[in-house]
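Notes follow the structure.
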Amino acid sequence: IGPKDGEVLQGRLTPIIASTRLDKVTKLEVRIDGELKATSASNSIKFVWDPKDLGTHTVEIFAMDSTTVLGYWVHTVVVK
């Protein structure tokens, strides 16, 4: 998480990679507060979020094959 203005949340998907075989990942999903925000049909994704709502938000990234969640990453972000 970056500075007060223009905060940036960046991260490698190490928790996903560590618990799965990256070559099996065929889809990534980004969800914020349970709402699907972005998908990628590969093992790489970039998503820019410009939060308008103050408060606590849950950011999740799911790594999937065609039918199964292989791993996920969850982070809580507080917007003030």
Side-chain angles (χ1 to χ4, degrees):
I1 297 188
K4 184 175 179 182
D5 293 323
E7 292 188 41
V8 176
L9 177 67
Q10 293 180 305
R12 297 178 62 84
L13 299 181
T14 305
I16 292 172
I17 294 169
S19 64
T20 66
R21 293 200 50 213
L22 185 60
D23 60 342
K24 290 186 175 185
V25 175
T26 59
K27 179 180 178 183
L28 293 173
E29 291 184 352
V30 176
R31 295 180 180 267
I32 299 176
D33 298 331
E35 183 179 335
L36 182 64
K37 296 292 186 175
T39 62
S40 172
S42 73
N43 59 18
S44 175
I45 193 167
K46 180 178 180 177
F47 175 72
V48 176
W49 176 42
D50 183 15
K52 303 294 185 206
D53 297 326
L54 301 180
T56 302
H57 301 278
T58 302
V59 178
E60 302 169 289
I61 300 176
F62 293 90
M64 307 167 76
D65 66 10
S66 59
T67 59
T68 307
V69 173
L70 300 172
Y72 61 93
W73 177 85
V74 178
H75 191 81
T76 300
V77 176
V78 177
V79 179
K80 296 181 180 183

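Values reported hereafter were calculated over all heavy atoms of this structure, with side chains retained and with hydrogens, waters and symmetry mates removed. The structure presented is a predicted model; accordingly, all values stated were derived computationally and were not measured.
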Enumerate, atom names and distances included, each donor-acceptor pair closer than 3.5 Å involving a side-chain atom of residues 51-60, sequence neighbours excluded.
| from | atom 1 | to | atom 2 | distance (Å) |
| --- | --- | --- | --- | --- |
| K52 | NZ | D50 | OD2 | 2.7 |
| H57 | ND1 | D33 | OD2 | 2.6 |
| H57 | NE2 | D53 | O | 2.7 |

Hey, what do you get for [atom1] ([X]) to [atom2] ([Y]), rounding to the nearest 0.5 Å?
| X | Y | atom1 | atom2 | result |
| --- | --- | --- | --- | --- |
| L28 | F47 | CG | CZ | 13.5 Å |
| K27 | I45 | NZ | CD1 | 10.0 Å |
| T39 | R31 | OG1 | CZ | 10.0 Å |

Using a 4.5 Å cut-off on heavy atoms from C-beta on, say whether the side chain of W49 contacts that of V77.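 V77 reaches W49 side chain to side chain.
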Assigning hydrophobic clusters by single linkage (Ile, Leu, Val, Met, Phe, Trp, Tyr; side-chain heavy-atom cutoff under 4.5 Å), is L36 placed with I61?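 No, no single cluster joins them.
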